[in-house]
Amino acid sequence: MEEHKLITITFTPTVQHCSLATLIGLCLRVKLERTLPDKFKLDIYLAKGSHSTEQEINKQINDKERVAAAMENPNLRKIVENCIEDEG
């Protein structure tokens, strides 16, 4: 059985009420999940005390079902794809 390695990312939004914090977390998750091998487990968190709804956002961006549901929304999917698109 292959051992999973944990990667933990913590980011800080620019303001406590940043409306894009969830989108930023979602973009980080999607990009990294597509880039990293399957042996890595990914946890993404807002820095402690950095956002007014920190716990709720952390729960959303670390829940596979919620992430999958978000990516099924065509408008949100397009935004995420544009954000993580390689310009190379």
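The shown structure was predicted, so the numbers you read here are calculated from the model rather than taken from an experiment.
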Which of Ile61, Leu76, Leu28 passes side chain to side chain contact (heavy atoms under 4.5 Å, CB included) with Leu23? Answer is Leu76
Under 3.5 Å donor-acceptor, Arg77 side chain and Met71 backbone:
yes
Nearest heavy-atom pair of Ile57 and Ala21: which atoms, and what distance?
CD1-CB, 3.8 Å
Excluding sequence neighbours, so at least two apart, what forms salt bridge (Lys or Arg N to Asp or Glu O under 4.0 Å) with Glu33?
Arg29
Going by the rule side-chain contact (heavy atoms from CB on, under 4.5 Å), which residues pair with Ile84 if we only count those two or more places apart in sequence or in a different chain?
Cys27, Val30, Lys31, Arg34, Val80, Glu81
Where do Val67 and Leu26 come nearest, in terms of heavy atoms and distance?
CG1-CD1, 3.8 Å
Please name all residues satisfying salt bridge (Lys or Arg N to Asp or Glu O under 4.0 Å) with Asp63, sequence neighbours left out, ordered by chain then number.
none
Residues that Lys5 engages under salt bridge (Lys or Arg N to Asp or Glu O under 4.0 Å), provided they are two or more places apart:
none
Please tabulate, for side-chain N and O atoms in residues 44-52, each donor-acceptor pair with protein atoms closer than 3.5 Å (sequence neighbours left out).
unit_1: Ser50; atom_1: OG; unit_2: Ala47; atom_2: N; d: 3.4
unit_1: Ser50; atom_1: OG; unit_2: Ala47; atom_2: O; d: 2.6
unit_1: His51; atom_1: ND1; unit_2: Thr53; atom_2: N; d: 3.0
unit_1: His51; atom_1: ND1; unit_2: Thr53; atom_2: OG1; d: 3.1
unit_1: His51; atom_1: NE2; unit_2: Cys18; atom_2: N; d: 3.4
unit_1: His51; atom_1: NE2; unit_2: Cys18; atom_2: O; d: 2.8
unit_1: Ser52; atom_1: OG; unit_2: Gln16; atom_2: O; d: 3.2

What's the separation between atom OG1 in Thr35 and atom CG in Asp86, rounded to the nearest 0.5 Å?
7.5 Å
Sequence neighbours left out, what passes side-chain contact (heavy atoms from CB on, under 4.5 Å) with Lys59? Give chain and number order.
Arg66
What distance do Lys41 atom NZ and Leu36 atom CG have between them, rounded to the nearest 0.5 Å?
13.0 Å
In this structure, CG of Asn73 is separated from NZ of Lys78 (nearest 0.5 Å) by 12.5 Å
